[in-house]
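Chain identifiers are assigned alphabetically (A, B, ...) following the order of the sequence lines, protein sequences preceding nucleic acid strands; residue numbering begins at 1 within each chain.
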4 protein chains.
Amino acid sequence: MPGVSGAASASAPASGSAGSASSAAGRRGRPRSEVVERAIVEAVVRLLEDGVPFSELSIERIARTAGVGKATIYRRWDGKEALFVDVVRSMEPVAPPLPGTSVRDDLVAIIEMLRQRGLAKRSSALLHNVFAQMQSYPQLWDMYHRTSIAPRRERMDEVLRRGIANGEIRADIDFGLLGDLFVGPMLVRTVLRPGDTPEQGSAERIVDAVLEGVRPAEGPSR
Amino acid sequence: MPGVSGAASASAPASGSAGSASSAAGRRGRPRSEVVERAIVEAVVRLLEDGVPFSELSIERIARTAGVGKATIYRRWDGKEALFVDVVRSMEPVAPPLPGTSVRDDLVAIIEMLRQRGLAKRSSALLHNVFAQMQSYPQLWDMYHRTSIAPRRERMDEVLRRGIANGEIRADIDFGLLGDLFVGPMLVRTVLRPGDTPEQGSAERIVDAVLEGVRPAEGPSR
Amino acid sequence: MPGVSGAASASAPASGSAGSASSAAGRRGRPRSEVVERAIVEAVVRLLEDGVPFSELSIERIARTAGVGKATIYRRWDGKEALFVDVVRSMEPVAPPLPGTSVRDDLVAIIEMLRQRGLAKRSSALLHNVFAQMQSYPQLWDMYHRTSIAPRRERMDEVLRRGIANGEIRADIDFGLLGDLFVGPMLVRTVLRPGDTPEQGSAERIVDAVLEGVRPAEGPSR
Amino acid sequence: MPGVSGAASASAPASGSAGSASSAAGRRGRPRSEVVERAIVEAVVRLLEDGVPFSELSIERIARTAGVGKATIYRRWDGKEALFVDVVRSMEPVAPPLPGTSVRDDLVAIIEMLRQRGLAKRSSALLHNVFAQMQSYPQLWDMYHRTSIAPRRERMDEVLRRGIANGEIRADIDFGLLGDLFVGPMLVRTVLRPGDTPEQGSAERIVDAVLEGVRPAEGPSR
DNA sequence: AGTTAATCGAGACGGTACGTCTGGTCTTTAA
DNA sequence: TTAAAGACCAGACGTACCGTCTCGATTAACT
């Protein structure tokens, strides 16, 4: 599962996917223990849940908590930050299926999921921190972006494309901006202003406001 | 100017602005040197501009660069992070005046300013980091929020209220959400996805999209 | 009283004792306060008596305890060690008069005084430390030697000379060694092995043993 | 070799000499390097020999000189002073064998050794300082006393007992004082008044003077 | 069954930075 | 001018981590 370190990421699944391959290279010696792997990630999660301030997490302490040698961590990850990427991944909720009834409902579901994530006790303070830290390491952020954000974004883009196709959404809007119009208002609250996550029903209100526009309807008022 | 440490923040400007006041208390001992203060903040800025990776900034190094004792820094700020708040403040651009021609134009100006800040070489990578770090220190973030973000937000809220009053903006939208509808899409890009700052003209496009709505105008009206 | 710094040593008592004199030279500005001087020395003594480990004495702390500015101390003494010389001097007991009945009795009185000093609570642990420290500063040790040890030594040498003159002491012994023969055994105990100070009567036993010799009297004489 | 910290002192040589024993305990983790150990002690010696004033020795500087991390020093010794005990020990000359011809000659050999130690360039100023410092740390002094002084003292006591047994020394003298009568005069010079170490032949003169007594022989003079 | 090689926990290693404390000096205001 | 106060630069204090490196002891896969 850990993969930021470098080739490991690619080769680990490779050895699994390459069919007969496992024997080919002939990895020798004792294989890495998955148990240990999980123990490490879980140690981080546990520490964070126990209220250990994020800044007090250290490889040294994580190793101690997990009952693991420091080298065992460095063997798998390049450093604290790389480890966090996997921790975050292990905590990200699985994207639930979209209702599919209408583009509007799908968008609401997506935005609502962001809200839920912001509310989750675990995620809230916790993810927020890891998040903030990760931003200072472009490489890691990129990689997180690639493996976690991008797929979700793609899922949303599909919904939007469907909306454009079936006339639920205007076709003359910069597509790159379109997604952010829906996602931005909620993200700004959950990520940038944690603790200020909007209440129930906000997802719908955001989606509707963006769809309908904020300017008074022209018809009657004229 | 440094103020996270205690009441200094509030009182420093006070003692400056309160006219004759300075003599009142009769502080004893050698007063703190403003020169030193500036030297410290500037040392941080210089280091960051010289490409020193953010994670390599340390009080020790900052002191060395500024030609200052470590204690002199700790005397003013509670730690690295508190110092950064002031650094960020010293670099934040002054909010330019709003055109005032229409609510729409004012909003564009505000959003455009966010874009500009994201573009500024200094701000970009640099501020982004300090920013990210600060998010892990709730106290600091609060305080930054209070002194930097809130005033700007208030400025925007006034514009929005004006818009509601003069009919440029619907009155039936959750006011708390309203601001984020405009600000969110741009912030998401500049803060959360630095390096992906939208191109020229995006501010207008965002404001217009949010105003008009993303749903196609009702059939006949087109 | 302080004198290591320079000529002050000689002039201090002068300015103090000379009554009307103070005007003579025409010193300008606020005169140095003797109160302050005593406060400093006493602060050191008090701290030591309060059981503050010697190594934790610092100019900073002494100044704080004495309610005095650091500069005020530096104005009088060259440093911690120079100050200690005066502290030690302020605590050294005055040499009592010698009985003068016989050279042997005078020597016993001198050695007994060394024993007493070693026993004195204040002196014991306390002086011992200052003592030990001073030894690492040749200059200070010299000066302590000159003002405190040498006079006492001279007093003893006179006794010894008297002894040689009146036949109580052999004339064929290296005079330089002679003093140490009496003084050494006791000093070794009180200075080098504090807490092992010999019991009552040791002074006499030492003096007599050195006088008579440790070898059994020649056969027949017994 | 370092032993103040704990049992290491006793057990380290044990594990080496005890043949098969090493397996017993089953030390875990990387073992401490003896090379490093020596490097540290030697760094101190070198610095002192290079004329670095004793007061300028700091763990920081010692570590730098030895090319060693500070923690590596603290891992072995409790502090500067504890380290010095081992430094002193590494510099103490090995006690040479006694001639054994007569008690008088053995005593001369012992006292002469003290003189030699006081003369040695290395020892002289150097040992004197460490010595002086150590006296301010009762624990350390005790321990130095136990491991270095006491054994030598015991050796001397044996000589004295032999002297009493074979009639070379009077039996009616307080045995506790006896040793100091010989040792005191020389120690006072080498330890308390470094730089004033007596010249060649003093050991004999001291021993003889103490043996014979300082009072003129009664026989002829009467 | 034996060999081989990478793994594991543990912890030493050279470093760097932490936040605190001292050492001396300098700069204020008050006396 | 001196005094108290306290800021100032410098740098040591002892601790905590960093990422690397031995250790002895497992632990599989390959002989």
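Inter-residue side-chain proximity for A:Trp77 and A:Val41 is flagged as met; some heavy-atom pair is nearer than 4.5 Å. Within the 4.5 Å cutoff, the side chain of A:Leu83 has heavy atoms near those of the A:Ile62 side chain. Taking 4.5 Å as the limit, some side-chain heavy atom of A:Arg61 sits within range of a side-chain heavy atom of A:Thr65.
One interatomic measurement links the two molecules: CD1 of D:Ile73 to P of E:dG15, which rounds to 12 Å at whole-angstrom precision. Across the protein-nucleic acid pair, B:Leu83 atom CG and E:dG19 atom P stand 12 Å apart, rounded to whole Å. Protein atom CD1 of D:Ile62 is 16 Å distant from nucleotide atom C1' of E:dG14, rounded to whole Å. Summarising the geometry, the separation between CD on A:Glu81 and P on F:dC17 is reported as 15 Å, rounded to the nearest angstrom. As rounded to whole Å, 17 Å separates atom C1' of E:dG23 from atom CD of C:Glu56. Following rounding to the nearest Å, B:Tyr74 (OH) and F:dA12 (P) show an atom-to-atom distance of 17 Å. Computed from coordinates, the D:Glu60 CD to E:dG15 P distance equals 13 Å when rounded to whole Å. The CZ-P distance, from B:Arg75 to F:dC9, rounds to 8 Å in whole Å.
A:Arg32 has no carboxylate O lying under 4.0 Å from a charged side-chain N of A:Glu37, or vice versa, which leaves the two without a salt bridge.
A donor-acceptor contact under 3.5 angstrom links the side-chain atoms of C:Lys70 to the base of E:dG24. Between the side chain of A:Arg32 and the base of E:dT7 there is no donor-acceptor pair of N/O atoms closer than 3.5 Å. The base of E:dC26 sits within donor-acceptor range of the side chain of B:Arg30, with an N or O pair under 3.5 Å.
Note on C:Gly79: nothing from the nucleic acid sits closer than 4.0 angstrom, heavy atoms only. Counting non-hydrogen atoms under 4.0 angstrom, A:Ala71 reaches a base of the nucleic acid. Across all strands shown, C:Lys80 has heavy atoms under 4.0 Å from sugar-phosphate atoms exclusively, and none from any base.
With the nearest nucleotide of DNA chain E identified for both D:Gly67 and A:Thr72, A:Thr72 has the one nearer the 5' end. For the pair D:Arg64 and C:Ala66, both in contact range of DNA chain F, the more 5′-proximal nearest nucleotide belongs to C:Ala66. DNA chain E is contacted by both B:Pro31 and C:Ile59; C:Ile59 maps to the nucleotide lying nearer its 5′ end (nearest heavy atom per residue). Comparing B:Val68 and D:Gly29 by the nucleotide of DNA chain F that holds the closest heavy atom to each, the one mapping nearer the 5' end is B:Val68.
The shortest heavy-atom contact between A:Ala63 and A:Gly69 is CB-C, 4.3 Å.
Phosphate contact (OP1/OP2 of E:dG23, side-chain N/O of C:Arg61, threshold under 4.0 Å): absent.
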